[in-house]
Structure formats: C-alpha cells, structure tokens
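A quick write-up on the structure given underneath.
Quick note: residue numbers are just sequence positions, from 1. In listed order, ligands and their atoms are each counted from 1. This is a predicted model, so every value here is computed, not measured.
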Amino acid sequence: MCTARPGWATVSFRQPLYKKQMQNIKVNLIDILDINEAKQTIRVEPLATMGQITAFLNPLGWTLPVLPELDDLTVGGLIMGVGIETSSHNFGLFQHCCVAYEVVLADGSVVTCSKDENSDLFYALPWSYGTLGFLVSATIQIIPAKKYLKMEYIPVHSKKDMVKVFADETNKGEENMFVEGLVYSENSAVIMLGNMTDTADPEKINPIGYFWKPWFFKHVEEFLESGSAVEYIPLRHYYHRHSRSIFWEIQDIIPFGNHPVFRYLCGWTVPPKISLLKLTQGEATKQLYEKYQIIQDMLVPMKDLGDALKVFHDEIEMYPLWLCPFKLFNLPGMIHPQDASDEMYVDIGAYGAPKTKQYEAKRTTRKLEAYVSRVNGFQMLYADTYMTREEFYDMFDHTLYNKMRDELPFCKQAFPEVYDKINKKVRS
Ligand SMILES: Cc1cc2nc3c(=O)[nH]c(=O)nc-3n(C[C@H](O)[C@H](O)[C@H](O)COP(=O)(O)OP(=O)(O)OC[C@H]3O[C@@H](n4cnc5c(N)ncnc54)[C@H](O)[C@@H]3O)c2cc1C
Ligand SMILES: NC(=O)C1=CN([C@@H]2O[C@H](COP(=O)(O)OP(=O)(O)OC[C@H]3O[C@@H](n4cnc5c(N)ncnc54)[C@H](OP(=O)(O)O)[C@@H]3O)[C@@H](O)[C@H]2O)C=CC1
Ligand SMILES: CC(C)=CCC[C@@H](C)[C@H]1CC[C@@]2(C)C3=C(CC[C@]12C)[C@@]1(C)CC[C@H](O)C(C)(C)[C@@H]1CC3
C-alpha cells in the first residue's frame, strides 16, 4: 500500500512509479485541526501545507520552530521524509518539533505515539516514507512569532572564513535564531543571521516576497560587493524567501524572470506551481534534467564542511550552494550521530547545472554518496539516489525500523521497505 497522492503533486524530484503497482489509499486530510495556546501545540492533518500553516499561525502570533520554506511542502511528507530549515541548529529537524503522531496501521487500528507512549514507533516513523503506517494527524510544537526578522548579511571572501564564520555563528545557539549560507563560488559566500523582532528601523524594512522584488538569491549576492548590512524582513516573507525563485531553479526555467521589466509587469504570474511543472513536463525535459542538472541535499557533520565543499567543487563546481545547519539529536531512529551525544550537521544543497567536464549524473552522484556515507552523513531522499540496497543500509540505521516492521501487525505484507520506494528504479 501507499498513499493515493499523485506523483505530480509531491515536492519530490521524480514521479513515483510504485504508485501504479501498489494499492493506493486515499488520505485526503487537508486541515488544521486545532491550536492549543496553553500547551503551545497545533494539531494538523498530513496534507496541511507549510504555506497554509504560516498563513494561519503567523497572524495569531505563533509559528512553527522549523518551517521548511517551499509553500507546498506537506506535514506528512516532511515527517515521513525529512524537513529542515535555517532554525534547525537550535530545534533539530521538522520531526524533532513533533510531539505526537496518530497513525493508521496495516490492520486498520489507530495508534497514537509520542516519546512516552509507543515510543519505538514514534522514533521509527521519520524517514520511513510511509512504510510503517498512514499518518492521519500530527501534534507539533509552536513558538511565539514576531513581526519581522532582523537579518544580518555577512559576506566572506575566503574558504577559511566561510567555514569558520558559518560554524562559529551556528555554535552560538539561540543567539542566532536562524543561520543560513549561500555559497557563490569556491571562495565567496554570504552568511545570514536572523532573529525575530517586533520593532524595526522603518528605513531598513525590506518586504522581499513581493512579486516585483528581485529574486532572493540575487539580492543576497549583491552583499558580496556592497559589504555587511542589516535588513528587517516581514516574517512570512522570510519563511518563503526561496519560494518565488524555487531556490535558483527558476533561472533555468524563466531566464529573464529577474529582469525589472518582467518583474513589474509579469512578476505576479510566477513562480509556476512545482506540481504544474511536474504534471506538464514531457519525457524530453525529464531526460534533460537527469543529464544536465544535479539536485541533491547532502547532510554532513559540520566538522567536515570544509572538506565536503572541496569534494562538491571538484565533482560539480556548481554555485550557488545552500548551507543550512542542523542539530542531529542523539535519539533512536534511521539517522543519529556516530557518538552518543548530539552533533551539529550541515545540509549542503546543490541545485542546478554542474560545470565540471567529467560530470555524469550516475557516476558523480555515486561519488558524492560514497563520500557522504564515509563521513557518517546522509542523503535527502526526495532526490535521485543511486545507492545499492547495501549502501543504503550502511547510510541509514535500520535497527529500530526493522524491529517495528517485525512487531507491527501485517506491516511487512502491506508495505514495501523504504529502499523500494526511493531507489532510482521505482521513480521516473
Ligand atoms: C493542499 C490543499 C489545501 C487545502 N486547504 C484548505 C483549507 O485550509 N481549508 C479549507 O477549507 N479547504 C482547503 N482545501 C480544500 C479546498 O479549499 C476545498 O476544495 C474547498 O473547501 C472546496 O469547497 P467547495 O465549496 O468546492 O466544496 P466541495 O469540493 O464540494 O467539498 C465539500 C466538502 O468537502 C471538503 N473537501 C474538499 N476537498 C477535500 C479533500 N481533498 N479532502 C477532504 N475534504 C475535502 C470541503 O472542505 C467541504 O467541507 C485545500 C485543498 C488542497 C488541495
Ligand atoms: N526544506 C526542506 O526540508 C525540503 C524538503 N523536501 C523534501 O520533500 C519531501 C516532502 O514533499 P511532500 O510533497 O510534502 O511529500 P511527498 O508526497 O513527497 O511524501 C514523502 C513521503 O512521505 C510519505 N507520506 C506522505 N504523507 C503520508 C501519510 N499521511 N502517511 C504515510 N506516509 C506519508 C509518502 O508516501 P507515499 O509514497 O505512499 O505517498 C512519501 O514516501 C520530503 O521528502 C522532504 O524531504 C523538499 C524541499 C525542501
Ligand atoms: C532541503 C531543501 C531546501 C531542498 C530544496 C529542494 C528543491 C530545490 C527541490 C525540491 C523539488 C525539486 C526537486 C523540483 C524541481 C527543482 C528543485 C526542487 C524544487 C523542479 C521544479 C525542476 C524542474 C523539473 O522539470 C521538475 C518540474 C520535475 C522539478 C520538480 C521538483
């Protein structure tokens, strides 16, 4: 069994072919159920999207601690897969902000789990890609929101500074609520530090989300020339800062999209919905993307960041790269740190056309995967993975997951293994 959500609707790179072979179960649950301000939690159904949740929560003065930035990402997808945002160095991944899940198991029973109740299931669900049961609701922690984000842009012009400033600012913990890096070349990057505030210098308010505003990654690039600066960004504009330019993928889809004439006249017509692009793209576009584009997020320990950037440069030489720190808590489940304590990691996101001559999708991705696995890192699985089953078991700890599959009634008969939903052969 799998959910009946059509492949084109998902914010993943490929269409899942397995949906044609498996029994499709409709889980059309789209609503925000309730908010408990005393307990600081919100209960939502799995198809509630990030855009829908910020629109609901922010006006009430609340927000999610980790709010992945593309509007169409769903709660179900982010829990059963993974969700990350620039506040993850304090709060962990999306799953770490969840307090309880309500799941329908293969035998039809409904189970609630949390860290104190059915805790094995609670820790086994993230990264299980819908192979333990169907999520029907999630209770998520909420935190107070403020009107603006005070954003400090720090340009750096050497690899050493890039790694040092990024790691140092991340390690300051709650002093920086949000930390993000955009790497523009081997030796240049802009590190961004954000903190929420209710008061702002009116001259420095920049509502970056309006359709006539430059794409966010282009705006940030300007600070490399103009030097450090501070801006106040309305909170919701910050959260969805990469939505309008789909990170930087839009420049390959609408190359003139950042031209002021286009922005002022037609800016309101973009971005195209990712689901519309997926639904309408033909076989030729699909193959071109496979051959000429890399779309990968690799999660590596912070201590290996300098080394990892070199590997990315040698293999793909593609910029901008997205840097997003996150704390990996020492908890049971598919991913955990190597030692018995929490560890700081960083997500390196590469989206675009590689510049190296030797780039070849499968060979290069396999090299990156092998490197990431060697340093006890992880690959995000919405993207193409070329790992073999054994390599996949090496990267992700299946101990708790296998235990749950043995224990839960009819689980093994009803659901495939994670690998059988994410490997390249079952996605087109
Ligand atoms: C991603 C996404 C998010 C949405 N978020 C919201 C939201 O926050 N609030 C909201 O009111 N609507 C939401 N909708 C649903 C959309 O607004 C409904 O299609 C609309 O409410 C239908 O109104 P209608 O008068 O055409 O009624 P009909 O389509 O005739 O629907 C009748 C009833 O069924 C419910 N319904 C419609 N579609 C679905 C569905 N797919 N699953 C479960 N129940 C459904 C409606 O809410 C209504 O009560 C969302 C839809 C999607 C795809
Ligand atoms: N900043 C970030 O964190 C970003 C994250 N992403 C990635 O995008 C993906 C999320 O995209 P989205 O479109 O929301 O989700 P998807 O529809 O792609 O779902 C992802 C997985 O979760 C499973 N799943 C979803 N809902 C349920 C449910 N109710 N019960 C059981 N299993 C469920 C799906 O199972 P099935 O196949 O059966 O439908 C699928 O295997 C994640 O993998 C995430 O890592 C992408 C961009 C940014
Ligand atoms: C952890 C983080 C921040 C991940 C961000 C990943 C995004 C950059 C990815 C997620 C979905 C994604 C793979 C997608 C595409 C670009 C990169 C996206 C947006 C596009 C739009 C590229 C063009 C393609 O023809 C097609 C439409 C299939 C995909 C759809 C998904």
query = Looking at Y210 versus H237, is the centre-to-centre ring distance below 6.0 Å?
reply =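 Yes: the rings meet the under 6.0 Å criterion.
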task = Taking the six-membered ring for Trp and the single ring otherwise, decide whether the centroids of Y382 and F13 are under 6.0 Å apart.
result =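 No, too far apart.
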message = Strictly distance-based, threshold 3.5 Å: is any side-chain N or O of K19 a donor or acceptor partner for the main-chain N or O of R5?
response = yes
ask   = Quick one: does K286 get within less than 4.0 Å of ligand 3, heavy atoms only?
value =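 So K286 does not count as touching ligand 3.
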inquiry  = Below 4.0 Å from ligand 2: does a non-hydrogen atom of C324 turn up there or not?
reply    = no
Within-shell test, S12 vs ligand 2, heavy atom, strictly < 4.0 Å =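 Checking ligand 2 against S12, which is what was asked, there is a heavy-atom contact under 4.0 Å.
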query = Quick one: does NZ or CZ of R241 land under 6.0 Å from the six-membered ring centre of Y238, within 45 degrees of the ring axis?
reply = yes
Residue portion contacting ligand 3 (non-hydrogen atoms closer than 4.0 Å) for H242 = neither
Taking atom [atom1] as the centre, does [X] end up with more than 12 heavy-atom neighbours from other residues, nucleotides or ligands that are less than 6.0 angstrom away?
X	atom1	result
K355	NZ	yes
F211	CZ	yes
Q413	CD	yes
K164	NZ	no
K150	NZ	no

Proximity to ligand 2 by part of [X], non-hydrogen separation under 4.0 Å:
X	answer
F94	neither
E85	neither
P46	side chain

Ligand-residue contact atoms, ligand 2 with [X], heavy atoms, under 4.0 Å:
X	result
F134	30 (N), 31 (C)
P68	1 (N), 2 (C), 3 (O)
G83	3 (O)
G133	31 (C)
T74	12 (P), 14 (O), 15 (O)
G130	31 (C), 32 (N)

query = Can a protein heavy atom be found under 4.0 Å away from atom 13 (C) of ligand 3?
reply = yes
request  = Look at atom 6 (C) of ligand 3 and say whether a protein heavy atom is found at less than 4.0 angstrom from it.
outcome  = yes
Does any donor atom in the side chain of [X] or [Y] lie under 3.5 Å from an acceptor atom in the other side chain?
X	Y	value
H336	N330	no
Y239	N58	no
H89	E169	no
D394	S373	no
E45	S137	no
Y371	D307	yes
T399	D397	yes
S188	S185	yes

As an exercise, identify every atom of ligand 3 less than 4.0 angstrom from a heavy atom of [X].
X	result
F247	3 (C), 5 (C), 8 (C)
E69	3 (C)
I274	19 (C), 30 (C), 31 (C)
M380	1 (C)

Would you tell me which option among [options] has the nearest heavy-atom contact to [atom]?
atom	options	answer
atom 37 (O) of ligand 2	F326, Y18, F415, Y129	Y18
atom 42 (C) of ligand 2	C2, A383, G77, G76	G77
atom 24 (N) of ligand 2	R14, M80, M1, K421	M80

Parallel, tilted or perpendicular: ring planes of F326 versus Y345, cut at 30 and 60 degrees =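 Plane angle between 30° and 60°, so tilted.
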message = Tell me whether the rings of H96 and F329 are parallel (<30°), tilted (30 to 60°) or perpendicular (>60°).
response =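 Ring orientation, 0 to 90° scale: perpendicular.
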key: ligand 3 N/O within reach of Q281 N/O, cut-off under 3.5 Å   = yes
Closest protein heavy atom (residue, atom, distance) for [atom]:
atom	value
atom 16 (C) of ligand 3	E249 CG, 3.3 Å
atom 22 (C) of ligand 3	Y289 CE2, 3.7 Å
atom 30 (N) of ligand 2	L135 N, 2.8 Å
atom 21 (C) of ligand 3	L277 CD1, 3.9 Å
atom 19 (C) of ligand 3	I246 CG2, 3.3 Å
atom 2 (C) of ligand 3	Y351 OH, 3.5 Å
atom 15 (C) of ligand 3	I295 CD1, 4.3 Å
atom 6 (N) of ligand 2	L73 CD2, 3.7 Å
atom 9 (C) of ligand 3	Y382 CE1, 4.0 Å
atom 4 (C) of ligand 3	D297 OD2, 3.2 Å

Heteroatom distance test ([X], ligand 2): nitrogen or oxygen, under 3.5 angstrom:
X	value
T3	yes
D72	no
M380	no
V27	no

Going by atom type alone, with no hydrogens or angles, which donor-acceptor pairs under 3.5 Å involve a side-chain atom of residues 280-288 and a protein atom two or more places apart or on another chain?
{"from": "T280", "atom 1": "OG1", "to": "L276", "atom 2": "O", "distance (Å)": "2.7"}
{"from": "E283", "atom 1": "OE2", "to": "Q287", "atom 2": "NE2", "distance (Å)": "3.4"}

query = Taking 4.0 angstrom as the limit, do E315 and R366 come out as a salt bridge?
reply = no
